[in-house]
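Note that these values count all heavy atoms, side chains included, but never hydrogens, waters or copies made by symmetry. Bear in mind that the values here come from a model prediction, so they are computed numbers and not experimental data.
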Amino acid sequence: MKDHFEEKIPLRDIADFSGYSITRINALFRTETGVTPMEYFSNLKIQRACKYLRDSDLKIKEIAFKLNYFDQFHFSKNFYKKIGIPPLKYRKMVQTKDTI
């Protein structure tokens with residue numbers, strides 16, 4: 001997952017790759033990590049988004065598409081849900097910290 005977070009990875013593909021059912025993959029993954037595979041994958045994408053927001057001048061829309069979100073609004077909603085602030089506000093906050 002860490003090597004393919006900019007791609008769309010259906011849970012079915014993970015199950016097929018591992019040889020387990022989707023139900024079993026979810027149960028094993030949740031036992032080991034505390035989250036489902038898709039939640040984990042989403043968290044990886046948001047972590048990468050934070051890096052892009054901090055270290056690049058990519059527009060929000062460009063980051064969303066780079067991370068395989070179908071639109072910037074879906075990305076922004078997901079980002080807010082995980083981080084607690086909108087992407088643009090996050091960018092301003094981390095860039096301000098870097099200049100102090």
task = Take K77 and D71, measure what side-chain contact (heavy atoms from CB on, under 4.5 Å) needs, and give me the verdict at the end.
result = CA-CA 10 Å; K77 182 179 175 186; D71 67 36; over 6 Å; no
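- Scored by the salt bridge (Lys or Arg N to Asp or Glu O under 4.0 Å) test, K51 finds D55 as partners (sequence neighbours excluded).
- Not counting sequence neighbours, the partners of K59 by the side-chain contact (heavy atoms from CB on, under 4.5 Å) test are E62.
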request  = Walk me through it: do S21 and R24 pass the test side-chain contact (heavy atoms from CB on, under 4.5 Å)?
outcome  = CA-CA 5 Å; S21 70; R24 186 69 178 143; 3.3 Å; yes
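- Of all the heavy atoms in S76 and P87, the pair that sits closest is OG-CG, 3.7 Å.
- Remark: K61 NZ to F75 CZ distance equals 14.0 Å, nearest 0.5 Å.
- One finds the CD1 atom of I63 at 10.5 Å from the CD atom of Q72 (value rounded to the nearest 0.5 Å).
- Taking CZ of R91 as the reference point, atom CZ of R54 lies at 11.0 Å (rounded to 0.5 Å).
- Between the side chains of T36 and E39, at least one donor-acceptor pair of N or O atoms lies under 3.5 Å.
- Cluster membership check: Y20 shares its hydrophobic cluster with I22, using side-chain heavy-atom separations under 4.5 Å among Ile, Leu, Val, Met, Phe, Trp and Tyr.
- For F17, the ring-ring contact (aromatic ring centres under 6.0 Å, His included) test picks out no residue, with sequence neighbours left out.
- Nearest heavy atoms, L58 versus K66: CD1-CD, 4.0 Å.
- With hydrophobic clusters built from ILVMFWY side chains whose heavy atoms lie under 4.5 angstrom apart, V94 shares a cluster with I83.
- To the nearest 0.5 Å, atoms NE2 (H74) and CG (L67) are separated by 12.0 Å.
- Residues satisfying the ring-ring contact (aromatic ring centres under 6.0 Å, His included) test with Y90, not counting sequence neighbours, are F79.
- Cluster membership for L11 and L28, using ILVMFWY side-chain heavy atoms within less than 4.5 angstrom, is shared.
- No single ILVMFWY cluster, assembled from side-chain heavy atoms under 4.5 Å apart, contains both Y80 and L44.
- Across every non-hydrogen atom of S42 and Y69, the tightest pair is OG-OH, 4.2 Å.
- For the side-chain contact (heavy atoms from CB on, under 4.5 Å) test, residues two or more places apart in sequence or in another chain that qualify with T33 are F29, V35.
- One finds the CG atom of N43 at 4.0 Å from the NZ atom of K82 (value rounded to the nearest 0.5 Å).
- Residue pairs meeting the salt bridge (charged side-chain N to carboxylate O under 4.0 Å, His left out) criterion with at least one member in residues 11-20, sequence neighbours excluded, are R12-D16.
- If you take CD1 on I25 and CZ on R30, they are separated by 13.5 Å, rounding to the nearest 0.5 Å.
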